[in-house]
Structure formats: structure tokens, C-alpha cells
Engineer: 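So that we are looking at the same thing, I have put the structure below in C-alpha cells.
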There are 2 protein chains.
Amino acid sequence: MTIPPLSPRETARRRLLEALRREGPMARVEIGQHLGMSPASVSDLTASLLDEGILATEEAGDQAAGLIRGRPKTRLFFAGTLGSVIGVWTGFNRIELRLVDSAGRNRASLHVERRLRNLGAEELMDVLAETIAAFAQENGASDVKAIGLACQGYVDTRDGIVAWSPVLGARDLPLASGLGQRLGKPVLMENDASAMAFAITQRNADLRSGRTACLMIGDGVGLGFLIQGELYRGARFGGSEFGHVRLRRSGPQCRCGGRGCIEAYLADYALHRDAQLIDHRPAPTLLLPGEEAMGAIVEQARAGDAALLNLFHAAGEVLGDAVGILIQTLEPDHIVICGPGTRAMDLLRPSFEAALESQTIPELRALATIHVVESSMDLLTEGVVMQSLRELDLDLARLKAA
Amino acid sequence: MTIPPLSPRETARRRLLEALRREGPMARVEIGQHLGMSPASVSDLTASLLDEGILATEEAGDQAAGLIRGRPKTRLFFAGTLGSVIGVWTGFNRIELRLVDSAGRNRASLHVERRLRNLGAEELMDVLAETIAAFAQENGASDVKAIGLACQGYVDTRDGIVAWSPVLGARDLPLASGLGQRLGKPVLMENDASAMAFAITQRNADLRSGRTACLMIGDGVGLGFLIQGELYRGARFGGSEFGHVRLRRSGPQCRCGGRGCIEAYLADYALHRDAQLIDHRPAPTLLLPGEEAMGAIVEQARAGDAALLNLFHAAGEVLGDAVGILIQTLEPDHIVICGPGTRAMDLLRPSFEAALESQTIPELRALATIHVVESSMDLLTEGVVMQSLRELDLDLARLKAA
DNA sequence: TCCACTTTATTCGGCTCATGAATAAAACAA
DNA sequence: TTGTTTTATTCATGAGCCGAATAAAGTGGA
């Protein structure tokens, strides 16, 4: 996105819109205080944003009046009438969709069970395009302006190319342009852990200052790393594939083809697979188990199943090692452990803490605060939608015409 | 340093001075092309810098004239008369010093053998202050304006505090203020790997774009990470302690107190110690061996000593794992392996490459270019001096008066 | 020697952007 | 009504940067 550096004006507009989407309706004075801008500047900026129909003003009397002296605030908010955006997450065998209006308000969401792995590139794009189009139609969304797509793997966010993915089994797949052609809309792409990290940091102002490393445990394990609230971008504008760091030289099989990756211990598919192996069940697959299946495993372990407890013990140890590497490599101010995998945090914690302590220098460990944020895949589609809306903000008025 | 955000003007001044120090004397047009500034802006900026005595102009006729048409360029350069700066590196049992003028020209350097470990805080600061003062006096440097100090460990670069160091055995040591009081000059601090990374990226423009991870192998192992040519700062404004990431659960002893750290395989002290153990020599110490001792070990291995070759094989494997972690976590555009330890790169390479390949995803590995830069500790003191001068640029005129 | 040509450097007017101060607006309170 | 309080807008100002015009300082050729 945004290849040419933004002008000061555009930067200011973005900051303003970002704050407004995050914090909800605000009066101009409040915006000024929030962003450290002078009232004059806010007035100027909002005037053009109102002009373009991106923002709208509250009707007089909407607020609890009568008690405060002085001229009442007129709060500004996103118009929400500039069309809608669809956020999509693609997993190994599941697609999650979410429809929001341009103000970021949720209008609909949907889970679809569909195995995506092993589809050819064209077939994959056809399936996704159909699923998205059907979802839009079912919900009467004729004003979709853009699609935001999050998936596992290394995503070139500038050109919308999946450079590599353990899930789609694709290499250098130009998913954004392929889907864009089929749907006739712009498609923005993001790594899934980055999308969730974005959503989480948007909700917590503390996490937007300094450096925040969000380790998402779910279908796979991913890392979203933010510096001063901005997503870190590696070479080719992708994020991190921290989940595929090999921690144990001959550990369990990972979906990336390697062995002993962090993900191969912690991800839902890994825990589910290993739990089935314990029970001598037949077909250990790499399919993503549902929340019920995972819940059952956790419950069984909590009930005292020794073999399962061992699994979680090993996983917790890997989590501790992983967080240790993050601490000593990046010295983040905040570490967030998030995603559906946090459902078993109680089981992971003892070995997690022991491993973390055994391998980090106390003085350095003390510099990072560790947060556990229980979050589901819903937060992920929220993240990708928020991120897409943010990228689109500057184009909203232009897209409105189209 | 520089807690309040710099004004646009100050940023431009810094960029200009930085370029000039890096590239050497340049004419105004050249500066403009180099930095993408209009001639008008360059003229304006240089006028005030000349005024303040920070820059000087070449005398007419200094260049090989006569061949070029048009008005001759008048090149600008650092005055070099605003005082000098001393750069210091502290190792386990060695101190390296370097004296430069404000133009960055080397005036003197010195190695001192002195064991710093196990000194009390006050004693350590006394020793350092005396060493620095004596060095300044011997070289008739009565115009020292600041000291730049690089050391291993986690350095709070804003407040000049050594939060933790395997070498100084100190915790939260306010070294900058302690030395500053003793010497009556400002002291700037930096992690040593960061200082070398800075020096290396200053010499190679390619490495200043995108993300560059410089792994320094020497006395210890450190990482300097730069984003768009700027040193990455973690919590508390320090760098990275990547050398103390534990790669092997029960590996050799490390100076940090842990086991199996990257450093415990690759650092000079580690190779030297393990080589001595092989020869059944008596006292395996953690002292930093000299270049001669290390050279002898490398020669012996090159001559075919199987036990030593095994050492280097294991070290190379660790290096491969380490670089693999960097690639999959940060996706840097460039990875630089540097420091005195590169002397044995030929011995490390086979197992390094095998380990790297076995644990990284080919598509991601392909995104990073790996550079090997043979560099000695001299480059390190150069780095810390350059970095200090850069930080001081804005204050040079002010310090001149003092 | 003088004039055209070339390249470098400076000056000047104008543009964008942000801001403080003054002013207007919209309420409440007396 | 009239003052008070708070919010929003307008306006003049200044910082910073730039393009264009101009000045400066040389070379080359008639």
C-alpha cells in the first residue's frame, strides 16, 4: 500500500480517522487533545472530511444536555454510508467472513467449512471468490468497496501476494489480483497474526506505545510485531514466520514440512493430532479441529489425564522458549499471548514460566510485560477489516463514486 | 539522547551532516542530489552550518581544475576544529581507545590489557576514567568534547546505564553519569554490536535500506539490528541480547550464567576455552584470548586437527541456527556476519549452510542476502565514535564554547 | 581580449501546513 | 436581557521547502 510517502496533510487525516474509528465519536476539542493538535488544525481537517462525506456530525440534542455549561460539543463520527468492507480469514479447512460498514460497525459474519489445502491456484481463487460473493449477496451487501484477506504464511502486503503459506500450499500466489479480478473490487492482504495483533493493539492504548510482540496461538502460531503501534514489515513487506522457528532438532512434524517448529507443539492441529495419537485413534490429520474438539481435550487434561498433561507441559515449555527468544532478541515492552490457544493457558503456564525463567536473563525479562488476551478468530477478522478500512480511509471518497 | 522530537530543520541538518561525514567532502549540488533536497534548501542549511563553524569550505584551486567547464564546485567538509571525541570499547580484559577530531579523522588509538570483570562499580569507573584521561593526555588532546563508550550487554542508551552485562558483572550501573562526573565531559553509551553494525552500515549504502541484522562474532556474540539505517531500540532504549538466546538445552557454559547460548559456541572465549579443554591444558578461563592465540587455533584446525574441526563444525551449526531464527523472525533484507570471529568463516561455512538450510523455509531464506564482513575491533571503536559524533552534531557549536 | 557557454550557488516569491489569537456560536444562569 | 462558559471557526503569521530567476565563476573559441 501507499508507496509514495504521505504528505503531512494526509498523515494528519489518517491519524484523525484512525483515532475516531478506534475511540468512537468525538468532538473536535477532544480530537485535538487526543492527538495533540491545535483546534484550528482539527477544524480545518474535519471540514474537508465532512465535505467529502467521510465523517458526519451528531444531531443536536443527541447527548445528555442540560447539565453542562457552554456551547455543547458536536461529536463527529464515521458516516458509515460510504459502502461496506468484507474481512476474510482463510484457514486450513475453514473460511471466516465478516461484513462491516465503512464506520466499522459489524453487519454480518459467517463460518464456512471448506478444505482449501491442495486446491490449485485457480480453483482456490474461484472458491474464495464464490464464497465471498455469496456471503455478500446473502446479506444484501451491494455496496462492498473492498475485501480484506488474512491468511497464514508470508504475505507480501504491498502487492497482495502469498509468498509462502503452509495452509494454501501455494508459492508466490497473486491472490489479491486474482480475487480482485474475479470480484471487481480491490483486495488487501495481511498475515493473520498481524491482523489479530493490530486488532488487539487498537483496543489497548498501552500496547500502541513501545514495541509489542503478539504471539497468536490458534490454527497455527504466528507473530505480529508492532513498533509504536505500526506493524513491523520485513523484506517484501511481510511480517514474521516466527511460528516456524525450529526449537527442537527432531521434534514433531510441522505443516511447513520441517520438524520441531514452535507451531508443531502449540497449534490446535498439533495438540489435536498428538492427543489422538495418545488415544491410538486412527487418522491423525492436520485438519483444524473445531472449538468443541479442542475444548474436550483441554477438559480431559484438566480432569487429570496424565498423557494429555504431558502434551500441554511440552507445549508450555516451547511457549516459554519462544517468548524467551522474543525477549532476548527484540526486548519488547509488551508481549501478548493471544488467540484461541489461550483457552489452555492454565495448563501451559507452569512449564511456560519455568522455561521462560530458565533461559532469559532476569534483568531483561523484567523489561517486558506479559499479557494474556483470550481472543477468538472473530478478533482476527475484525483486525483485518480495521486494517483494510485504515488503508482505504484516504480513498473512501473516491471509492464512493465508483 | 534527543528526547523531544526534532524539528524538520534539525532533522535536515542532521541528515546533511550525516551524509557529509559518511561520504566525505561534497559540493552543495552533490549534497542536494544525494539527499533529494533542492539546491535552495542546501544553500540555506549550509549557510548556517558554515556560520556556526561546523562546516568549512574548500579553498579554491584545491581540486584538479582545468578540465571541467562551468563554475567549479566548492566542496564542504567538517571543520574538525570543534574539538575531539574519544571512543572506548570495554571487553572482558581489554580496553580499546580511539581519538578522533570532530571531522571523524583518526588521531590516535590504543589497546590496553586490563581485567575489568570483578571490579566494584566505583573501582571500575575509576579505572576507566584514569585510562581515558591518560590516553587523552598522552595524545595531547586537550579539546575532548565527549566520550563514546561501547560495551557488551544491555545498555540503556538514553540514560547511559548498563542494565546488565556479562563482562562488567554489573547491574543497573550508571556508567555514563559516573564517568561523566569523573571526566567532566558528556559520555554517550552504546551496545558494542550495535556500534559495529552502525559502522558497517555507514560504509555500505545498500545496508542502510530495508532491514539489516548484523551478527557480530568476537569477544562475545551480539546483534545490531537496523531498520532503514536506524538502530533498532528495544525497551529502555537498548539493543538486542541475541547472543544469549539459548539454542541447546544443555550446551556449554556461557558467561551469562546460562548454558547453550549462541555465544557459548561461537565467541572467541568459548572456542579458545574448548580448544584448551581438548588439549587437556590446565586452566580454561573466560578471558578474551588475543588475535594470535585465536589465529593459532584456526590454523591448527585448517591443518586438519579433527577435534578442533569438530568445534568449528558445532559452532557453524549454531551460527546457522541463529541466522535461521533471525530470518524467520525478522525477515531482514540483509544479514551481515561480522567481527573478528569471521576469521574462521571458511571452517564454519559448511555446517553453517547446512543448518541454515535445514531449518528455514526456502522462499523466506531467499529474501535475505547474507554478507560476511571481516572486521576487527577497530571498526567497533570507529562505530561508537561515529555514532557519538552524530548524536553530538547538533550540539557541536554549543560545546565549542565550553 | 572578449563573448558565449556551462555549471554552481544564492536570492526571491510563493506554496503548504500548523498555530495562536481573535472572533463567532451555542448553550446556560441570573 | 446580559453575562458566562465552552466549543468551533477565521485570520494573520511564521516555519520550512521549493521552482525559477539571477548571480557567480569558471572554460573555450573567435
Side-chain angles (χ1 to χ4, degrees), chain A residues 4-17 19-20 23 25-52 54-77 394, chain B residues 4-17 19-20 23-52 55-77 394:
Chain A
L6 296 168
S7 72
R9 180 93 187 184
E10 284 172 313
T11 310
R13 279 172 64 114
R14 269 179 82 123
R15 285 219 307 146
L16 196 156
L17 291 174
L20 215 48
E23 312 290 336
M26 275 194 285
R28 277 162 258 236
V29 251
E30 294 166 336
I31 295 174
Q33 286 159 7
H34 197 80
L35 299 179
M37 280 176 180
S38 70
S41 303
V42 177
S43 236
D44 191 20
L45 285 169
T46 52
S48 43
L49 289 167
L50 285 165
D51 231 41
E52 295 165 37
I54 295 176
L55 295 185
T57 60
E58 205 175 38
E59 285 309 302
D62 275 15
Q63 58 209 294
L67 295 163
I68 323 126
R69 299 179 56 104
R71 175 175 173 175
K73 303 172 198 254
T74 52
R75 294 193 293 175
L76 301 167
F77 52 90
L394 297 177
Chain B
L6 296 169
S7 72
R9 181 94 187 179
E10 284 172 313
T11 310
R13 279 172 64 113
R14 270 179 82 123
R15 285 219 311 147
L16 196 157
L17 292 173
L20 215 49
E23 312 289 337
M26 276 195 283
R28 278 162 258 234
V29 251
E30 294 166 337
I31 295 174
Q33 284 159 10
H34 197 80
L35 300 178
M37 281 176 179
S38 72
S41 303
V42 177
S43 235
D44 190 21
L45 284 169
T46 51
S48 44
L49 290 166
L50 285 165
D51 232 42
E52 295 166 37
L55 294 184
T57 60
E58 204 175 38
E59 284 310 300
D62 276 14
Q63 56 209 295
L67 295 162
I68 323 124
R69 301 176 57 103
R71 175 175 174 175
K73 302 170 199 256
T74 51
R75 294 191 294 175
L76 302 167
F77 52 89
L394 298 177

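We name chains A, B, ... by the order of the sequence lines, and we start the count at 1 in each one.
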Engineer: Send over the distance from A:I31 CD1 to D:dT9 C1', rounded to a whole Å.
Structural biologist: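 Going from A:I31 (CD1) to D:dT9 (C1'), I get 15 Å.
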Engineer: Determine whether a donor-acceptor pair (N or O, by modelled atom type, separation under 3.5 Å) exists between the side chain of B:R28 and the backbone of B:T46.
Structural biologist: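 No, the answer is negative, given that no donor and acceptor are paired below the 3.5 Å cut-off.
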Engineer: What integer distance in Å separates B:L45:CG from C:dT10:C1'?
Structural biologist: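 About 14 Å, once rounded to whole Å.
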Engineer: Please determine if a side-chain N or O atom of B:T74 lies less than 4.0 Å away from the OP1 or OP2 oxygen of C:dA9.
Structural biologist: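 Yes.
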Engineer: If you check every side-chain atom of A:V29, which of D:dA8, C:dA27, D:dC11 has the closest atom?
Structural biologist: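 Of the candidates, D:dA8 comes closest.
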Engineer: Nearest-Å distance, CZ (B:R28) to P (D:dA24)?
Structural biologist: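 The distance from CZ of B:R28 to P of D:dA24 comes to 15 Å, rounded to the nearest Å.
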Engineer: Return the 5'-most residue of the pair A:A12, A:R71 with respect to DNA chain C, ranking by each residue's nearest nucleotide.
Structural biologist: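 In this pair, the answer is A:A12.
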Engineer: Heavy-atom distance under 4.5 Å between the side chains of A:D44 and A:R9, does that happen here?
Structural biologist: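 Yes, their side chains come closer than 4.5 Å.
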Engineer: Of the options B:I31, B:L35, B:L76, which is the one that meets B:V42 in a side chain to side chain contact (heavy atoms under 4.5 Å, CB included)?
Structural biologist: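 Exactly one candidate clears the test, B:I31.
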Engineer: Which residue lies toward the 5' end of DNA chain D, A:P39 or B:P39, if each is placed at its nearest nucleotide?
Structural biologist: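 It is A:P39, whose closest nucleotide lies nearer the 5' terminus.
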Engineer: Write down the distance between CG (B:L55) and P (C:dA9), rounded to a whole number of angstrom.
Structural biologist: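 The distance from CG of B:L55 to P of C:dA9 comes to 13 Å, rounded to the nearest Å.
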Engineer: Answer yes or no: is there a side-chain heavy-atom contact under 4.5 Å between A:E30 and A:E23?
Structural biologist: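 Side-chain contact under 4.5 Å: no.
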Engineer: Could you check whether A:P8 gets within reach of a base, just the sugar-phosphate, or nothing at all, counting any heavy atom under 4.0 Å?
Structural biologist: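 It contacts sugar-phosphate atoms only.
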Engineer: Measure the distance from CD on B:Q33 to P on C:dT8 and round it to the nearest whole Å.
Structural biologist: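 Rounding to the nearest Å, CD of B:Q33 and P of C:dT8 are 8 Å apart.
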Engineer: Please state how far atom CZ in B:R9 lies from atom P in D:dG14, giving the value in whole angstrom units.
Structural biologist: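 Between P of D:dG14 and CZ of B:R9: 16 Å.
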Engineer: When the distance from NZ of B:K73 to P of C:dT6 is rounded to whole Å, what number comes out?
Structural biologist: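 Rounded to whole Å, this separation is 16 Å.
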Engineer: Look at B:S38 and D:dC17 and indicate whether a side-chain polar atom (N or O) is within less than 4.0 Å of OP1 or OP2.
Structural biologist: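 For B:S38, the contact criterion (side-chain N or O under 4.0 Å from OP1 or OP2 of D:dC17) is not met.
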Engineer: Which comes earlier along DNA chain C counting from the 5' end, the contact point of A:G70 or that of A:D44, where each point is its nearest nucleotide?
Structural biologist: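 Its nearest nucleotide being more 5', the pick is A:D44.
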Engineer: Measure the distance from CE on A:M26 to P on D:dT7 and round it to the nearest whole Å.
Structural biologist: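 Going from CE in A:M26 over to P in D:dT7 covers 14 Å.
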Engineer: Describe the nucleic acid contact of A:R69 in one word from base, sugar-phosphate, nothing, applying a heavy-atom distance below 4.0 Å.
Structural biologist: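 Answer is base: heavy atoms of A:R69 come under 4.0 Å of a base.
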Engineer: Is the phosphate of D:dC18, meaning OP1 or OP2, less than 4.0 Å from a side-chain N or O of B:S41?
Structural biologist: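 Yes, such a contact exists.
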Engineer: Taking C-beta and beyond as the side chain, do A:L17 and A:L55 meet within less than 4.5 Å on heavy atoms?
Structural biologist: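 In short, these two side chains touch, coming nearer than 4.5 Å.
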